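Working notes for the structure below.
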Amino acid sequence: TYCYNAVIYGFCCNNELYEATRVFLEMKSYGVSPDVYSYSILIDGFCKKKDVMRGFDFLEEMEMGNTRPGLVIYNILLDSLCNCREVELALKLFHEIKASGYKLDRISYNILIDGFCKQGDMDSALRHFKEMIKMNFDPDVFTFTSLIHGYCKMGCLEKALEIIELALGQGVSLDTVSCSVIIEGFCKEECIEEALMLMDEMRDLGIIPNSFSYNAIINRLCKEWKSGKALEVFPLMLKRSVAPSIVTYNTLIDGFAKELNLKQAYKIYAGMLKHGITPD
RNA sequence: GUGUUGACUAG
């Protein structure tokens, strides 16, 4: 079963769901029973392709057989519903899970909170945030990042900053992802200076920036028709051994093209090819 | 020993 699961997982990661399903059926035909891992891997594969229905089909199959779906499977389905913008259905499932005697966990709450944040429903997000604390699940950096991102997206930088204080007060440290989200938030509000200051603070705190962190700044500068300035960020990235990603290149090319500096745009394109990145 | 949650460009 371990062997089959690994293969199914591999196909799912490659988005080859058809192959994954074939292996799943094959293992059954050889008399090897799929376990709860086999199901969760496959269900997650379909769910990530937004085929939640198929996920529920497998859930049903599992319930008919002798495999008891665990909380992980329900979390996968919850997340998928949220990603299909069906947070209301996710909430419904959330309550059904609770009613059927499963103990939800921190991840279940994180999924639901993130779903509300993505929908811009910060009130519901906060309500479940409080509920999670009441249930004695400590919010982690995932929880806080979702909330911060939610507030940043709706332009409530002050609220986002309050959440950061809350996190730090609870002893939850920021990491690369959460800092990048905040940098993006600053950039969105045209506070490049603050964004750059945060980059410095990251350095002092030993939080390694990645291309996401820099891309936020580059993107902001390009949006302000300052592609030249944006290009100056490039060496800073290299100095800290952060490799530019395809998004970095796309952003800069778009910025220069917009300014009709096609020569520079082409130079960046050429540099991208030289670094072995395939244009998309 | 295997599975689930947070971030960037353009479309």
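The sequence lines fix the lettering, A, B, ..., with proteins before strands; numbering per chain opens at 1. Quick caveat, the model's predicted, so the values are computed rather than measured.
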Give the C-alpha distance, both sets of side-chain angles, the deciding distance and a yes or no for side-chain contact (heavy atoms from CB on, under 4.5 Å) between Ile8(A) and Thr21(A).
CA-CA 8 Å; Ile8(A) 295 171; Thr21(A) 310; over 6 Å; no
Mind calculating the distance between CG (Leu71(A)) and P (U5(B)) to the nearest angstrom?
13 Å
Measure CG/Leu77(A) against C1'/G3(B) and give the value in whole Å, please.
13 Å
Could you state the atom-to-atom distance from CD1 of Ile113(A) to P of U5(B) in whole Å?
16 Å
Looking at residues 194-202 of chain A, who's got a heavy atom less than 4.0 Å off RNA chain B?
none
Look at the side chain of Tyr2(A) and the base of G1(B), then say whether one donor and one acceptor between them are separated by less than 3.5 Å.
yes
Using 0.5 Å steps for rounding, measure from the CD atom of Gln264(A) to the CZ atom of Phe256(A).
4.5 Å
Aromatic rings Tyr109(A) and Phe94(A): how do their planes relate, parallel, tilted or perpendicular, breaks at 30° and 60°?
perpendicular
May I have the distance from Asn75(A) (atom CG) to G3(B) (atom P), rounded to whole angstrom?
15 Å
Indicate, with a heavy-atom threshold strictly under 4.0 Å, whether Lys48(A) touches base, sugar-phosphate, or nothing.
sugar-phosphate
Can you sort out the partners of Ser124(A) under side-chain hydrogen bond (donor to acceptor under 3.5 Å, both in side chains), two or more places apart, ordered by chain and number?
Asp121(A)
Gap separating the CD1 atom of Ile183(A) from the SG atom of Cys191(A), nearest 0.5 angstrom:
13.0 Å
I'd like to compare against my own output: the B/S/- annotation of nucleotides 6-11 of chain B with a strict under-4.0 Å heavy-atom distance to protein.
BBBBS-
Looking only at the side chains, is there a donor atom on one of Asn210(A) and Thr176(A) sitting less than 3.5 Å from an acceptor on the other?
no
Checking side-chain polar atoms at under 3.5 Å, does Asp254(A) have a donor or acceptor matched by the opposite partner on Thr251(A)?
no
Quick one: Ile107(A) CD1 to G3(B) C1', roughly how many Å, whole number?
11 Å
Please report, rounded to the nearest Å, how far the P atom of U5(B) is from the CD1 atom of Ile43(A).
14 Å
Looking only at non-hydrogen atoms, find the nearest pair between Ile41(A) and Cys12(A) and report the distance.
O-SG, 3.7 Å
Ion pair check, Glu131(A) and Lys98(A), cut-off under 4.0 Å
yes
For the pair made of OH in Tyr4(A) and P in G1(B), what is the distance, rounded to whole Å?
23 Å
Across the strands shown, which category fits Ile76(A) at heavy-atom distances under 4.0 angstrom: base, sugar-phosphate, nothing?
sugar-phosphate
How many whole angstroms separate atom CD1 of Ile8(A) from atom P of U2(B)?
16 Å
